[in-house]
Amino acid sequence: MSRPRFFTVLTMIFIAALSRLLPHPWNVSPVAGMALFSGAHFSRKGLAFVVPLAAMLVSDALIGFYPEIWVVYGSLCLIVLMGTFLRSHKGVAPVGVAALAGSVLFFILTNFVMWIYHYPHTGAGLTACYVAALPFFQNTLLGDLFYTGVLFGVMAVAERKSPALREAALA
């Protein structure tokens, strides 16, 4: 990965993470978008995982930590892994499908853990947990689609305008 490309991707992820500090509706966040973007744009898988996790740690250090945060970071890692499959499929449809899949994955995993921590361990408790979370899911979808679109869109435009940012064809 060229230095200009590396620093552009790195900067975009940290700016996205810091945008979490701005006022925003619940669950409208850059988390899944930056995870997909990182997985799709870092050629070294290690960096694809470390960079968004580090960006999240920086922003979470300012926002605050909570007991269930581990599932957010775990979900983030799974979404980075999904993003690695976008390396050779960066079109609008694959990126959009990945963003939707990331939203669903995040919703299922994080709310399952909320059920474990905060609801009765019954079928009714599980149902109540997911039903209570449904209003937040629309915001998750909105945030994931928005941030994914912005990150991938800005990078696509930057690659067209600056040859130094273009990645060599994947073998």
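Keep in mind that what you see is a predicted model, and the values were worked out from it rather than measured. All values below come from the heavy atoms of this structure, side chains included, with hydrogens, waters and symmetry mates left out.
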Below 4.5 Å, heavy atoms only, C-beta onward: do F106 and N111 meet side chain to side chain? no

Looking only at the side chains, is there a donor atom on one of R20 and S29 sitting less than 3.5 Å from an acceptor on the other? no

Looking only at non-hydrogen atoms, find the nearest pair between P52 and F49 and report the distance. CD-O, 3.4 Å

Any chance OH of Y130 has more than 12 other-residue heavy atoms, nucleotides or ligands included, within less than 6.0 Å? yes

Neighbour count >12 (heavy atoms, 6.0 Å) for atom NE2, H118: yes

For A164 versus S2, what's the shortest heavy-atom pair and its separation? O-OG, 3.1 Å

Can you tell if the side chain of H24 reaches within under 4.5 Å of the side chain of N139, non-hydrogen atoms only? no

Any side-chain to backbone donor/acceptor pair from T127 onto G123? Under 3.5 Å, distance only. yes

H41-R87 side chain donor-acceptor pair, cut-off 3.5 Å: no

Is there a donor-acceptor pair under 3.5 Å between the side chain of T11 and the backbone N or O of T8? no

With a 4.5 Å heavy-atom cut-off, do T140 and W26 have their side chains touching? no

Heavy atoms, side chains only, cut-off 4.5 Å: are V113 and W70 in contact? yes

Correct closest heavy-atom pair for W115 and P120 would be NE1-O, 2.8 Å

Could you tell me if the side chain of Y147 sits less than 4.5 Å from the side chain of L36, heavy atoms only? no

If I take atom CG from residue L53 and atom CD1 from residue I13, how far apart are they, to the nearest 0.5 angstrom? 10.5 Å

To the nearest 0.5 Å, what is the distance between CD1 on I15 and CE on M34? 12.0 Å

Closest non-hydrogen atom pair between L86 and P94, with its separation: CD2-O, 3.6 Å

Is there side-chain contact between S75 and T110, with heavy atoms separated by less than 4.5 Å? yes

For R166 against E159, the heavy-atom pair lying closest together: NE-O, 2.7 Å

Between F137 and N27, is there a side-chain heavy-atom distance shorter than 4.5 Å? no

Around Y73, counting heavy atoms of other residues, nucleotides and ligands shown, do more than 12 lie under 6.0 Å from its OH? yes

Are the side chains of F37 and T148 in touch, meaning some heavy atoms are under 4.5 Å apart? no

